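Structure record follows, encoded as structure tokens.
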Protein chains: 2
Amino acid sequence: MEIDDINKIIDFNKKYARVIGALQTSFLSSDYSFTEAHILSELNFKPNSSATIINEQLHLDEGYLSRVMKKLEKNGLILKKQSLNDKRMYLLSLTDKGKIVYKKLNKLSSDLVIESTDHLNDNEKKELASLLEKVKKLILK
Amino acid sequence: MEIDDINKIIDFNKKYARVIGALQTSFLSSDYSFTEAHILSELNFKPNSSATIINEQLHLDEGYLSRVMKKLEKNGLILKKQSLNDKRMYLLSLTDKGKIVYKKLNKLSSDLVIESTDHLNDNEKKELASLLEKVKKLILK
DNA sequence: ATTTTTTACTTGCTTAAGTCAAATATATAA
DNA sequence: TTATATATTTGACTTAAGCAAGTAAAAAAT
């Protein structure tokens, strides 16, 4: 890859690390972290997944994830029931309370996106969303 | 902003938080963090800046930044000298050793970018760099 | 069939990276 | 000359995460 292109990517990473950092800081005032919100959102779209399945998207340390799941269960946001087919696994799903918290955190995410794009006009916002979608597709390819 | 566009951005943030996370993990094996590397790179391009000036790019906690600077000085990577005009400030610059470490960390960043884009062909790599550059310009606007 | 290896999850321990609040010193404004 | 703002530092604390070792169950190899 050309050195120029590499530098563009490095440069972006440095900048965006700060964007993500600010995002994480904004979640501090809620009872859940940005990562926990991500976990809840995965569980919302894939109910009855095991921790391992969820972790295909998140790539977290297994031990850490296990503790997060324990917290979420303790707080009544998720339900854990041992799989009958494979007793090593626990199938996880959001409780009603979990769904409410998920929605609340999603609202927080939206608000933060709106706030952080406040300086852009409508066309620019649309372009940003479109660019990021393309990037996402490329990195997941 | 349209809900669809908001969700695209939220979605990207979730994904890219993991990319940044992996990047930070990769720096653990070096003696400096991803953030410290960023600080060194700022100092490389803007020698004789104060901590506050550097922090315009980084938005870190001042106390944390102060400690990082202390570490960098202790390790002989930067030189701190009190400004004569304004004795509250300390002008910071890379030492020769600091420049060497900066280059080493930059090489690490490059290697990680190359590695993380390994699954893309040349055109896709070029497109990725170009998209990220555009995103950067938009978020900085 | 039973030993070996792999997989899913848990637990104990540690650390990096940061936050928050209070203090000091200097500079600027009232 | 008093009050306010800015630049930096220090102390105390948090949290998000990693690593290593363990348990239990399942799958593969013998």
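Here the structure is a predicted model, which means the values were calculated and not measured. Order of the sequence lines sets the chain letters (A, B, ...), proteins ahead of strands, with each chain counted from 1.
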For DNA chain C, the residues among [range] that have a non-hydrogen atom under 4.0 Å from it:
range: residues 19-35 of chain B; answer: Leu28(B), Ser33(B), Thr35(B)
range: residues 72-95 of chain B; answer: Asn85(B), Asp86(B), Lys87(B), Arg88(B)
range: residues 42-65 of chain A; answer: Ser50(A), Ala51(A), Thr52(A), Glu62(A), Gly63(A)

Inset, instruction - Could you pull out all residues at least two apart from Tyr90(A) that satisfy ring-ring contact (aromatic ring centres under 6.0 Å, His included)? - result: none
Legend entry - Residues which pass ring-ring contact (aromatic ring centres under 6.0 Å, His included) with Phe27(A), listed by chain and number, not counting sequence neighbours: Phe34(A)
Legend entry - Cluster companions of Leu91(A) among Ile, Leu, Val, Met, Phe, Trp, Tyr (side-chain spacing under 4.5 Å): Met89(A)
Legend entry - Closest heavy-atom pair and its distance - Gly76(A), Thr95(A): O-OG1, 2.6 Å
Legend entry - Closest approach of Lys14(A) to Ser41(B) (non-hydrogen atoms, all atoms of both residues): NZ-OG, 2.9 Å
Inset, instruction - Walk along DNA chain C from 5' to 3' and tell me the first and last nucleotide with an atom closer than 4.0 Å to a non-hydrogen atom of chain B. - result: dA16(C) to dA27(C)
Non-neighbouring partners of [X] that pass side chain to side chain contact (heavy atoms under 4.5 Å, CB included), sequence neighbours left out:
X: Ser66(A); answer: none
X: Asp31(B); answer: none
X: Lys70(A); answer: none

Atom pairs and distances, side-chain donor-acceptor, residues 77-85 of chain B, under 3.5 Å, sequence neighbours left out:
{"from": "Gln82(B)", "atom 1": "NE2", "to": "Lys87(B)", "atom 2": "O", "distance (Å)": "2.6"}
{"from": "Ser83(B)", "atom 1": "OG", "to": "Asn85(B)", "atom 2": "N", "distance (Å)": "3.3"}
{"from": "Ser83(B)", "atom 1": "OG", "to": "Asp86(B)", "atom 2": "N", "distance (Å)": "3.2"}

Inset, instruction - Determine whether Gln57(A) and Lys15(B) make a side-chain contact, defined as any pair of heavy atoms from C-beta on separated by less than 4.5 Å. - result: yes
Legend entry - Any residue meeting salt bridge (Lys or Arg N to Asp or Glu O under 4.0 Å) with Glu124(B), in chain and number order, not counting sequence neighbours: Lys141(A)
Legend entry - side chain to side chain contact (heavy atoms under 4.5 Å, CB included) between Tyr16(B) and Val19(A), intermediate numbers included: CA-CA 10 Å; Tyr16(B) 219 76; Val19(A) 173; over 6 Å; no
